[in-house]
Amino acid sequence: MGLFTKDIKTMDDLLVHGIQDIYYAEQQIAKALPQMIELATNRDLSSGLKNHLEETHKQIQRLEQVFSKLGQQPKGATCPAIDGIIKEANSTAGEIDDKAVLDAAIVASCQAVEHYEICRYGTLIAWAQSAGHDEIVRLLTTNLNEEHAANTKLNTVALRKGVNTKASAA
Ligand SMILES: [Fe+2]
Ligand SMILES: [Fe+2]
């Protein structure tokens with residue numbers, strides 16, 4: 001997007017921009033997750049994150065299908081929002097020594113990521129629906145459902161698999 005030109009003219013342009021934005025975000029998430037997996041101690045947490053990393057790679061492929069349905073080459077648009085969430089996650093993790101407290105922080109950071117993704121996919125699905133892009137709606141809904149499931153899994157890990165209790169005892 002140019003600084004002095006207004007490149008987004010139609011809702012389809014806005015949809016393409018939104019897809020470029022989430023495409024960039026998913027790639028940054030795929031890059032950031034291995035470090036979170038490495039740092040996590042709780043086994044349910046690390047296996048959940050590993051599973052979501054695999055899903056994230058498939059989500060990126062689905063977004064490439066979305067680009068092709070829109071007649072576009074896959075291209076990312078820098079998303080300062082996801083960069084900020086990941087930066088904050090890394091700097092918080094860097095401040096924590098205790099493994100149990102670190103697990104609780106990782107859950108919180110990952111939930112911030114999931115909520116970000118849920119918000120973006122929700123909007124993109126609504127726009128694609130309005131434009132009658134049924135196949136795109138289907139692809140994006142698959143990604144959205146995985147983000148919801150990942151967030152629910154993180155809740156379970158925090159509340160029922162002992163992450164928060166253990167962290168509170170540290
Ligand atoms: Fe994702
Ligand atoms: Fe996700």
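Just so we're clear, the structure is a prediction, and the values are computed from it rather than from any experiment. Start at 1 and go down the list; that is how both ligands and their atoms are numbered. Every heavy atom of this structure was used, including side-chain atoms; hydrogens, water molecules and symmetry mates were not.
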For Thr10, is there any backbone N or O sitting under 3.5 Å from a side-chain donor or acceptor partner on Asp13? yes
Under 2.8 Å from the Fe ion (ligand 1), the protein N, O or S atoms found are Glu26 OE1, Glu26 OE2, Gln59 OE1, Glu117 OE2, Glu147 OE2
Presence of salt bridge, Glu146 and Arg62, under 4.0 angstrom: yes
So Asn155 and Gln111, side chain to side chain donor-acceptor pair (under 3.5 Å) or not? Walk me through it. CA-CA 8 Å; Asn155 266 333; Gln111 287 197 289; 3.2 Å; yes
Q) Is a side-chain donor or acceptor of Asp21 paired with a backbone partner of Cys79 at a separation under 3.5 angstrom? A) no
Here the ring-ring contact (aromatic ring centres under 6.0 Å, His included) pairs for residues 58-81, sequence neighbours left out, are Tyr23-Phe67
Heavy atoms of Glu55 and His52 approach each other most closely as OE1-ND1, 2.8 Å
